[in-house]
Amino acid sequence: KAGVTQTPRYLIKTRGQQVTLSCSPISGHRSVSWYQQTPGQGLQFLFEYFSETQRNKGNFPGRFSGRQFSNSRSEMNVSTLELGDSALYLCASSFGGMGNSPLHFGNGTRLTVT
Amino acid sequence: DQQVKQNSPSLSVQEGRISILNCDYTNSMFDYFLWYKKYPAEGPTFLISISSIKDKNEDGRFTVFLNKSAKHLSLHIVPSQPGDSAVYFCAASGDNDMRFGAGTRLTVKP
């Protein structure tokens, strides 16, 4: 069974630009959640999608948005990039949702904002 | 605010001995707890979980203990192996939220 796939692995963007990250979940998993990992803040929850609907949302500004498609693939968009958005972005899929079943993480997208 | 805390940033243990990693939480609405292991350049890997209706869950060398009154959980690894060397994150979910601890770097020395 293929694991969670995130693309691209690395991205370099300039302040003010926008970026879209992609996540393909494990087959059969309907929940996809996104996380930001930084050395200072650790791993922080961004949002969760389940069957194309945003189910939960963390404490991030509206510049961070996402969506989920009918095949459960998900994208995350960050607009008007700031230097502080430089981080490792992880997505995770689960069968029953993040509150009910274990998360299976991808290897992340490393975003650098210059 | 740090609703999930791992107060030990690092832990060093001899091969064959027990490793005990600790985690504290503050939100009494959390009802599902997990431990993840992370190697460099990889995403976290699920290790073991426990729901709030239990106080212990065991899977091979890994055992998670939950003390709800103290809002504390711990992960025991027995016996520890050099391949266990990694960063371990505890996580808590509930109340439509998911929180992670900052991680503990475990080093198992041969």
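Chain letters run A, B, ... following the sequence lines, proteins first and then strands; every chain starts at 1.
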- Message: Whether the side chain of N107(A) engages the backbone of G43(B) through a donor-acceptor N/O pair (distance < 3.5 Å, no angle test) should be reported.
- Response: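 It does hold such a pair.
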Inspect the surroundings of [atom1] in [X] and state if more than 12 heavy atoms from other residues, nucleotides or ligands are less than 6.0 Å away.
X: K5(B); atom1: NZ; result: no
X: I12(A); atom1: CD1; result: no
X: R15(A); atom1: CZ; result: no
X: F95(A); atom1: CZ; result: no
X: R63(A); atom1: CZ; result: yes
X: N71(A); atom1: CG; result: yes

- Query: How long is the span from the CZ atom in F46(B) to the OG atom in S101(A), to the nearest 0.5 Å?
  - Reply: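 So the CZ of F46(B) and the OG of S101(A) are separated by 9.5 Å.
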- Item | From NZ (K57(A)) to CG (D97(B)), nearest 0.5 Å |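 The NZ atom of K57(A) sits 12.0 Å away from the CG atom of D97(B).
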- Query: Is the F105(A) to Y36(B) ring centre distance short of 6.0 Å?
  - Reply: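 Aromatic pair counts; centres sit under 6.0 Å.
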- Most heavy-atom pairs under 4.5 angstrom with chain B, which of P102(A), G58(A), G108(A)? P102(A)
- Which bit of F30(B) is near chain A, if near means a heavy-atom gap under 4.5 Å: side chain, backbone, both or neither?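 Contact with chain A is absent: no heavy atom of F30(B) under 4.5 Å.
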Same apolar cluster (I L V M F W Y, side chains within < 4.5 Å links), [X]/[Y]:
X: I77(B); Y: L73(B); answer: yes
X: V19(A); Y: F60(A); answer: yes
X: Y89(A); Y: V32(A); answer: yes

So which part of [X] gets closer than 4.5 Å to some heavy atom of chain B, the side chain, the backbone, both or neither?
X: R110(A); value: neither
X: N100(A); value: backbone
X: L90(A); value: side chain
X: Q37(A); value: side chain

- Task: Please report the shortest heavy-atom distance between S93(B) and G99(A), naming the atom on each side.
- Result: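 That closest heavy-atom pairing would be OG-CA, 3.5 Å.
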- A41(B) versus R9(A), closest heavy-atom pair with distance: O-NH2, 3.4 Å
- After noting the C-alpha distance and the side-chain angles of M98(B) and Y35(A), does the key distance pass the side chain to side chain contact (heavy atoms under 4.5 Å, CB included) rule? CA-CA 10 Å; M98(B) 165 74 82; Y35(A) 304 84; 4.0 Å; yes
